[in-house]
Each structure stands twice: as structure tokens, then as C-alpha cells.
Enquirer: 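Dumping the structure here so I can ask a few things about it.
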Amino acid sequence: MGHDQEEEETPPATPTTSAGKDQEEETWNHQKQTVILELSEKLINGDLQAKIEAARDIRKVVRKSSVKTRSKFAAAGVIEPLVLMLLSPNLDAREASLLALLNLAVRNERNKVIIVTAGAVPPLVELLKLQDSALRELATAAILTLSAAAPNKPTIAASGAAPLLVQILSSGSVQGKVDAVTALHNLSTCKENSIPILDGKAVSPLINLLKECKKYSKFAEKATALLEILSKSEEGRAAITNSDGGILTLVETVEDGSLFSMQHAVGALLSLCQSCREKYRELILNEGAIPGLLRLTVEGTSIAQERARTLLDLLRDTQEKKLASSVLEKIVYDIATRVDGADKAAETAKRLLEDMVQRSMELSMNRIQHRAASCTPAKVPSA
């Protein structure tokens, strides 16, 4: 299911003088205002069929309109009756109002807040419970759009929407899954949350989606960010371990992800190992984590580099025999200084480390490819 795309409105194009252009624009604005008032009147005072028609017409007008027109519709009082229509037993009324509200909220932060203040969240949560997949996914898109406004996050986070969004991760369409992950990611950034919005049930569908998508995509960044959050609880760690290919998928993301995907994935692995080194050390090592972690100490964000070094230290055979990655880097740097001199030492050291990583990765690649081949990828967009 694609989302409605906004186009900026323009008056009908005709060759005019400057004065004529001003007159034309004034006439155009007057026509728009008349349409807005007529539709709001129909929506507020009409019978059910008239309300449905008005909601559909509002959607059509708004899709081709500017942010200013969205604000004018809100000022004309259409949002509250549209929210009330979400409660209608008539599914056509629900769908028409939902699409109108979704379009009114796009690129308009004020309208997003007004819609939530008018009470839209509880009926949207009820729509997430329906068997009607089209309405359920429209409601997911609406929650995604509304959750992008910071003032709305506490209300949505407290509404019980999150567990229903997690269900979409398993049963929704590709677009529904993308919207659900993005909405959950929006809600996870709400600092007012007194309790986590996610529990261990979210781990398996997130791992499955991460297996299927491109590890460097924006989608993967959001999925790994959620998995990192989940890795901070015992329930989440157990779910990652028990998920088919859970740890391997995080290791692969460390190897193939974007800078932020790698940062979140190594953060999740580090949370596991720090919580109980004896339990998780061998599990992580068995998935061939060392090559990707070594490369991350050279190529990752500063946060990812520090996490990779810390995790490498925890993965050494024993604490007494461990060779800290910082010591390894110093040895390589010293060699580079002797070979190419102090001026080029940093560049040479980086090249030597990358060569070491590449050789190490080649040694473990057959095993990793064998495991990866057992997973059948599905179509998940790269966005």
C-alpha cells in the first residue's frame, strides 16, 4: 500500500500581467476558501453519506494542496468530526475519515497535534485490532505520521499501540511492516516513557525482518536500534539468543550494515556479552564475529569503534591473556612507523589493519556463507 503523496497547489496557469496575476490569485484563494467552508459544513451537519462524501473530498483537495490549506481546513473545524467518524460502525466512514486525517497530518506538525488532542489515538488503536488488513495498515500509517510529532509520543506510547504494531511486523504487507518499524522507532525515542514500549515478543519478527532487508538500509537502522533497546533487558537478550539466527544476524549487520546499523548491532552484541560473558561469549564467537569487529575498530563511528574494542576484549580467551584491541592497534602503528615513517604511519596502520581484517574475514567466509544460504530472503524494501 503506497501513501498519498503531497503536491503543492498552484492556481490555474494563464498568461497575465502582474495586476492580473494578483487578481487571479485572489480569485483562486477565494475559490479554495469557499470549497473549504462548503466541505466543513457538509461534514459537520450532513447525514452519514454526506459526511463520507465530504471526508473523501477533503482528502482529494488536501492531496493536491499546500501546508497552508491543511491549516485552513483545521481552522474550519473538520478535524473533530473526522475523529468522531473513526468510531462509526460503518467501515466506509472509518476509511474515508482515516484517509482525510492522514492527509491533513502530512507535513503539518500543528495538525498532527490537533488530531491527537481531539482523541484520535484510541479509535486508531481499535482499528489496529480489526481483521480488515487495509484499514489496519491505514491505521498503522496514521500512527506513524502522528508519532513523528514529539508532543504526541507520550499519548501514543501509553495507548497500547506498540504490541499491535509488533503484530503487524509478522502479518502485515511490506509497506505495513516498514510503517510499523518506523512508528515503533519514533515511539522508542520518547523520553517520557516510564516503562519500555517493547517486550521480548518483538525480537523474533525484528530479527526476521533484519535477515531479509539490506543491512545498510534506513529500515535496518531502525530495526537494529530497536533490537539494541531490547538487548538491555533479560527478556530481550533471551529472545535474541533463542531466535533462529538471532546472534548471526547481528554479526552480519556489523559486517555489512550502514554506520548506524553497525553501531546499533555491536551495541546489542555488547549488551549480551556484558550481561553474562560466560553465557554469550562462545555464542558470539561461534558466529564469526571477530573479523567484523576488527574492521569496525577502524571504520565505524567513534561510538561503534569503542563498543567494538570493548566487545573484542570480552571475547578474548581469558582476561589474563587478552590482547586489548588498543594494544593491537599500537603494535600495528609502531610497525607502520618503521616502514613508512611517522608522517604516513596512521594511513599505513589503517591499511595494515584492513588487510588483517580482510584475511580474517576470508578465513571465516565459507562457514558464514553456508549458514546464510540456509535462510531464504524475502522482499523487504531498502528504504
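Remember, predicted model here, so these are calculated numbers, not experimental data.
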Enquirer: Apply side-chain hydrogen bond (donor to acceptor under 3.5 Å, both in side chains) to Ser261 and Glu221, showing your working.
Expert: CA-CA 4 Å; Ser261 293; Glu221 289 179 4; 4.7 Å; no

Enquirer: Could you tell me whether a side-chain N or O of Arg237 sits under 3.5 Å from a main-chain N or O of Ser231, the two making a donor and an acceptor?
Expert: yes

Enquirer: To the nearest 0.5 Å, how far apart are CG in Leu86 and CG in Leu135?
Expert: 10.0 Å

Enquirer: With side chains defined as the heavy atoms from C-beta onward, is the minimum distance between Leu209 and Phe219 less than 4.5 Å?
Expert: yes

Enquirer: Short question: side chain of Arg56, backbone of Ala96 - any donor-acceptor pair under 3.5 Å?
Expert: no

Enquirer: Are Val83 and Ser97 side-chain neighbours, meaning at least one heavy-atom pair lies under 4.5 Å?
Expert: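 Not in contact.
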
Enquirer: When you compare the side chain of Arg136 with that of Ser171, does any pair of heavy atoms fall below 4.5 Å?
Expert: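 Yes, their side chains come closer than 4.5 Å.
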
Enquirer: Verify salt bridge (charged side-chain N to carboxylate O under 4.0 Å, His left out) between Asp256 and Lys214, making sure each step is shown before the conclusion.
Expert: CA-CA 9 Å; Asp256 301 326; Lys214 294 176 180 176; over 6 Å; no

Enquirer: In Å, rounded to the nearest 0.5 Å, how long is the span from CG of Leu272 to CG of Leu250?
Expert: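 That separation rounds to 7.5 Å.
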
Enquirer: Under the 3.5 angstrom rule, does the side chain of Lys51 hit a backbone N or O of Ile44 as a donor-acceptor pair?
Expert: yes

Enquirer: Quick one: do Leu269 and Ile207 end up in the same hydrophobic cluster if we chain Ile, Leu, Val, Met, Phe, Trp and Tyr together by side-chain heavy atoms under 4.5 Å apart?
Expert: yes

Enquirer: When rounded to the nearest 0.5 angstrom, what is the spacing between CD in Glu38 and CD in Glu41?
Expert: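 The CD atom of Glu41 is 10.0 Å from CD of Glu38, to the nearest 0.5 Å.
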
Enquirer: Apply side-chain contact (heavy atoms from CB on, under 4.5 Å) to residues Gln274 and Leu314 and explain how you reach the verdict.
Expert: CA-CA 8 Å; Gln274 284 179 326; Leu314 289 170; 3.7 Å; yes

Enquirer: Could you walk me through whether Val61 and Phe73 pass side-chain contact (heavy atoms from CB on, under 4.5 Å), step by step?
Expert: CA-CA 10 Å; Val61 172; Phe73 266 111; 3.8 Å; yes

Enquirer: Inspect the contact between Arg307 and Glu228 and indicate whether a charged nitrogen and a carboxylate oxygen are less than 4.0 angstrom apart.
Expert: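 Judged by the 4.0 Å cut-off on N to carboxylate O distance, Glu228 and Arg307 do form a salt bridge.
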
Enquirer: Tell me whether Leu283 is reachable from Val266 by hopping between hydrophobic residues (I, L, V, M, F, W, Y) whose side-chain heavy atoms are closer than 4.5 Å.
Expert: yes

Enquirer: Give, for atom CG of Leu311 and atom CZ of Arg277, the distance between the pair rounded to the nearest 0.5 Å.
Expert: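 Answer for the CG-CZ pair, Leu311 versus Arg277, is 10.5 Å.
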
Enquirer: If you measure from CG on Leu99 to CZ on Arg94, what distance do you get to the nearest 0.5 Å?
Expert: 14.0 Å

Enquirer: Compute whether any side-chain donor of one residue and acceptor of the other, for Thr297 and Gln305, lie under 3.5 angstrom apart.
Expert: no

Enquirer: Take Ile58 and Ile36 through the side-chain contact (heavy atoms from CB on, under 4.5 Å) test and state the conclusion after the steps.
Expert: CA-CA 8 Å; Ile58 288 170; Ile36 289 169; over 6 Å; no

Enquirer: Is Arg59 reaching over with its side chain to a backbone N or O of Asn103, donor-acceptor style, under 3.5 angstrom?
Expert: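 The answer is no, because no donor-acceptor pair under 3.5 Å joins these two groups.
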
Enquirer: So, Arg70 side chain and Asn108 main chain: donor-acceptor pair closer than 3.5 Å or not?
Expert: no

Enquirer: Answer yes or no: is there a side-chain heavy-atom contact under 4.5 Å between Leu98 and Leu82?
Expert: no

Enquirer: Taking the side chain as everything from C-beta on, heavy atoms only, tell me whether Lys211 gets closer than 4.5 Å to Asp244.
Expert: yes

Enquirer: Is Thr253 close to Met262 at the side-chain level, that is, under 4.5 Å between some pair of heavy atoms?
Expert: no

Enquirer: Which residue in the set Val78, Thr34, Asp57 passes side-chain contact (heavy atoms from CB on, under 4.5 Å) when paired with Leu39?
Expert: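 When side-chain contact (heavy atoms from CB on, under 4.5 Å) is applied between Leu39 and each of Val78, Thr34, Asp57, only Asp57 qualifies.
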
Enquirer: Just wondering, do Pro291 and Leu294 contact through their side chains at under 4.5 Å, heavy atoms?
Expert: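 In short, these two side chains do not touch, never coming nearer than 4.5 Å.
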
Enquirer: Heavy atoms only: give me the nearest Ala223-Val181 pair and the separation to one decimal.
Expert: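 In this case the closest contact between Ala223 and Val181 is N-CG1, 4.1 Å.
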
Enquirer: Okay, side chain of Glu137, backbone of Ser173: is any donor-acceptor separation there less than 3.5 Å?
Expert: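 Yes, Glu137 side chain to Ser173 backbone: donor-acceptor pair under 3.5 Å.
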
Enquirer: Is it true that Leu87 and Leu104 fall in one hydrophobic cluster, defined by side-chain heavy atoms closer than 4.5 Å?
Expert: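 Looking at the clustering, Leu104 is in a separate group from Leu87.
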
Enquirer: Check the pair Leu227 / His264 against side-chain contact (heavy atoms from CB on, under 4.5 Å), numbers first and verdict last.
Expert: CA-CA 8 Å; Leu227 285 166; His264 293 309; over 6 Å; no

Enquirer: Kindly check if the number of other-residue, nucleotide or ligand heavy atoms within 6.0 Å of CD (Glu80) is above 12?
Expert: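 Atom CD in Glu80 is not packed in, count stays at 12 or less.
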
Enquirer: Looking only at atom types and distance, does a side-chain atom of Lys153 sit under 3.5 Å from a main-chain N or O of Ser188, one as donor and one as acceptor?
Expert: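 No.
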
Enquirer: Taking all non-hydrogen atoms of both residues into account, name the closest pair between Leu138 and Glu95 and its distance.
Expert: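 Scanning both residues, the minimum pair turns out to be CD1-CG, 4.0 Å.
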
Enquirer: Spell out, yes or no, whether Ile168 and Ile156 are grouped together once hydrophobic residues are joined by side-chain heavy atoms under 4.5 Å, including indirect joins.
Expert: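 Hydrophobic grouping puts Ile168 apart from Ile156.
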
Enquirer: Looking at every heavy atom in both Ala118 and Ile79, which two are closest together, and how far apart are they?
Expert: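 Here Ala118 and Ile79 meet closest at CB-CG2, 4.1 Å.
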
Enquirer: Locate the shortest heavy-atom distance separating Ala238 from Tyr280; write the atom from each residue and the value.
Expert: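 Nearest pair, atom of Ala238 first, then Tyr280: N-OH, 4.2 Å.
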
Enquirer: So, taking the atom named CG in Leu102 and the one named CG in Leu124, what distance separates them when rounded to the nearest 0.5 Å?
Expert: 9.5 Å

Enquirer: Between Arg316 and Leu312 (side chain of the first, backbone of the second, donor and acceptor by atom type, cut-off under 3.5 Å), is there such a pair?
Expert: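 Such a contact is found between Arg316 side chain and Leu312 backbone.
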
Enquirer: Please name the residue in the list Asn208, Leu184, Val178 that meets the side-chain contact (heavy atoms from CB on, under 4.5 Å) test with Leu169.
Expert: Leu184

Enquirer: Indicate yes or no for a side-chain donor-acceptor contact from Glu287 to the backbone of Ile247 under 3.5 Å, with no hydrogens or angles considered.
Expert: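 Not at all, since once roles are kept as given, no pair shorter than 3.5 Å links the two residues.
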
Enquirer: Test of understanding: clusters of I, L, V, M, F, W, Y form through side-chain heavy atoms closer than 4.5 Å, transitively. Do Ile143 and Ile114 belong to the same one?
Expert: yes

Enquirer: Taking all atoms of both residues into account, what is the closest heavy-atom pair of Gly288 and Val251, and its distance?
Expert: O-CG1, 4.0 Å

Enquirer: Does atom NZ of Lys201 have more than 12 heavy-atom neighbours, drawn from other residues, nucleotides or ligands, at distances under 6.0 Å?
Expert: no

Enquirer: Quick one: closest heavy-atom pair of Ala150 and Pro154, and the distance?
Expert: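 Reported closest heavy-atom pair: O-CD, 3.6 Å.
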
Enquirer: Treating Ser88 as the side-chain partner and Met85 as the backbone partner, does any N or O pair qualify as donor plus acceptor under 3.5 Å?
Expert: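 No.
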
